[in-house]
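Side chains included, hydrogens not; waters and symmetry mates left out as well; all remaining heavy atoms used. Each ligand, and each atom within it, is numbered from 1 in the order the structure gives.
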Amino acid sequence: MSPLPLDLAHIRTAPKALLHDHLDGGLRPATVLELAHQAGYRGLPADDADSLALWFAEAAGSGSLVRYLETFEHTVAVMQTPEGLARVARECAEDLAADSVVYAEVRFAPEQHLEAGLSLDEVVHHTLLGFEEGVAAARELGRELRVGCLLTAMRHAARSREIAELAVRFRDRGVVGFDIAGAEAGHPPSRHLDAFEYMRTSNAHFTIHAGEAFGLPSIHEAIAFCGADRLGHGVRITDDIAVASDGVATLGRLANYVRDKRIPLELCPSSNVQTGAVESLEKHPFDLLARERFRVTVNTDNRLMSATSMSEEMLKLVTTFGYGWSDLERFTINAMKSAFIPFPDRLRLIDEVVKPGYAVLIG
Ligand SMILES: O=c1[nH]cnc2c1ncn2[C@@H]1O[C@H](CO)[C@@H](O)[C@H]1O
Ligand SMILES: [Zn+2]
C-alpha cells in the first residue's frame, strides 16, 4: 500500500498529542462575542466573529511577546464565571477532539479568573467540569480524547507557590502539572523557586515557559535551578548551537545537556513567528532541532491568536521542511513520551492509538 496524501484533510485524521495549549488562547471567536454579551463586557475590539478572529491574529502578530500577551485581556475578561469557564473548557475539548487530538494538556492561570469573586478552587473546579463535559460530548461522536490540565502561575506576579499548591490539591481530579507564563524578559523563573521546590517535593510535574523572548540564561535557570521537566518553547536553545557552512552542528554544554537528558521542547511554530522569537517559519529551528534529535514536539500555544490548530501546525511543518508521515508520528510519540500522565497510560496511547493510526496513513 502507498502512503495517503499528506494534506490537511488527512492530517486532521491522524492521532495527535498536544502538550502546550492555553485555554484562554483557544476560544472560538463567536464564543468570545456571546460571553462578552452575557457578561456586559464592552471592551471587545470587533462585533462580529470574523472581524474579531482577524483582530486577534493581527494584534498578536506584532513581533513582540508583550503586545501578543495584551490580547489576552479580552479572553480572560469573558472567563470569570462558572458558566464562562466551563463553556470555554468544554468547547476546547470538543475542538481538539474534532481535530483528532487524542491527548492534550491545556493550561491556564487561575489567578486571572477571580474578578467576579470565584475562589481559586472554584475556578479550577468549573474548568475541569467543562473539560469532562467536552470529552463526554466528543465520545458521543466517537472521538476519544484525554485532557490533562496544567495550572499556570503568572511570572510577574507573586502567587506561584499558591498555584503550585492548587495544582497538587487537584492532582487526582484532572490537573497533571504546573507552569509559569507571561512576559519573560525581566521575570526569571528563579523568582519562583519555592513553587518549583514544592512541586518537586510533592513528586509532581512542571514545565516552564523559557527560551522564547529571552535566551539561554532563562533556559539554564529553568533547568539547573528550577528543575523543569519540560521547556515551554525552548527555541532559543539554538543560541547554544553553532551550524557550520557545511551544515554540521556543534552543541554547547547546555544544548548537549538538554538533548542528553531528553528534555522535551514544546515548540510552537506559528506563535514563535508572531512574537518575534523567530523571524519566519522557514527560519524556525524546528528542523535543526529535529535533525539533531532533540525531543521536539509540535504545539499550538494559542489557537485563537495564531488562527491555527494542531493539524495546521503540522501541515505548516510538512510544507516548510518536507516532513513525511513517519516524522509526524515521531513528533507525536515524542509528545506522548513527555506527557505528565502515568507511564503505562502513555504507553497505552502510543501502542494502541498513535502507532495504529499512523500505520494506516503510512500505508
Ligand atoms: O507564548 C506565551 N508565552 C508566555 N506567556 C503566554 C504565552 N501564551 C500565553 N501566555 C500567557 O499565559 C496565560 C495563561 O494561559 C495567558 O493569559 C497569557 O498571558
Ligand atoms: Zn505558551
Heteroatom test (N, O or S) for His22 near the Zn ion (ligand 2), limit 2.8 Å: yes
Geometric cation-pi criterion Arg346 and Phe343, 6.0 Å radius, 45° cone: no
Contact atoms of ligand 1, heavy-atom distance to Ala109 under 4.0 Å: 14 (C)
Atom 19 (O) of ligand 1: the protein heavy-atom neighbour that sits closest, reported with distance to 0.1 Å: Met154 CE, 3.4 Å
Atom 3 (N) of ligand 1 - nearest protein heavy atom and its distance: Glu212 OE1, 2.8 Å
Check: Glu184 side chain, Glu212 main-chain N or O, donor-acceptor pair, under 3.5 Å: yes
Side-chain donor-acceptor contact under 3.5 Å, Asp99 with Ser311: yes
Polar side chain donor-acceptor pair, Thr332 to Tyr358, under 3.5 angstrom: yes
Over 12 non-hydrogen atoms of neighbours within 6.0 angstrom of NE2 in His220: no
Backbone or side-chain N/O/S of His20 under 2.8 Å of the Zn ion (ligand 2): yes
Any N/O pair Thr152/ligand 1 closer than 3.5 Å: no
Atom 16 (C) of ligand 1 [closest protein heavy-atom partner, distance rounded to 0.1 Å]: Asp24 OD2, 3.0 Å
4.0 Å heavy-atom contact, Glu184 with ligand 1: no
Ligand 1 contact by Thr275, heavy-atom criterion under 4.0 angstrom: no
The Zn ion (ligand 2) to Asp301: nearest N/O/S atom name: OD1
Donor + acceptor pair across side chains of Ser190, Glu221 (<3.5 Å): yes
His192 and Phe196 aromatic ring geometry - parallel, tilted or perpendicular at 30°/60° bounds: perpendicular
Atoms in ligand 1 flagged as close to Leu65, the criterion being non-hydrogen separation under 4.0 Å: 3 (N)
Cation-pi check, Arg262 onto Phe294 ring (under 6.0 Å, within 45° of axis): no
Distance-only side-chain donor-acceptor flag, Glu313 / Thr300, under 3.5 Å: no
Glu282 CD: over 12 foreign heavy atoms closer than 6.0 Å: yes
Min N/O separation Tyr68 to ligand 1 under 3.5 Å: no
Shortest protein contact, atom 11 (C) of ligand 1 (heavy atom only): Leu69 CD2, 3.8 Å
4.0 Å heavy-atom contact, Gly25 with ligand 1: no
Phe72 N/O under 3.5 Å from ligand 1 N/O: no
Nearest non-hydrogen protein atom, atom 5 (N) of ligand 1: Gly182 N, 2.9 Å
Atom indices of ligand 1, in the order listed, that fall short of 4.0 Å to a heavy atom of Phe108: 15 (O)
Stepwise salt bridge (Lys or Arg N to Asp or Glu O under 4.0 Å) test for Glu34 and Arg87: CA-CA 11 Å; Glu34 276 179 43; Arg87 174 167 172 187; 3.0 Å; yes
Nearest non-hydrogen protein atom, atom 8 (N) of ligand 1: Asn302 ND2, 3.0 Å
side-chain hydrogen bond (donor to acceptor under 3.5 Å, both in side chains) assessment of Asp179 paired with Thr207: CA-CA 5 Å; Asp179 163 53; Thr207 175; 4.9 Å; no
Subset of ligand 1 atoms that lie under 4.0 Å from at least one heavy atom of Asp301: 1 (O), 2 (C), 8 (N)
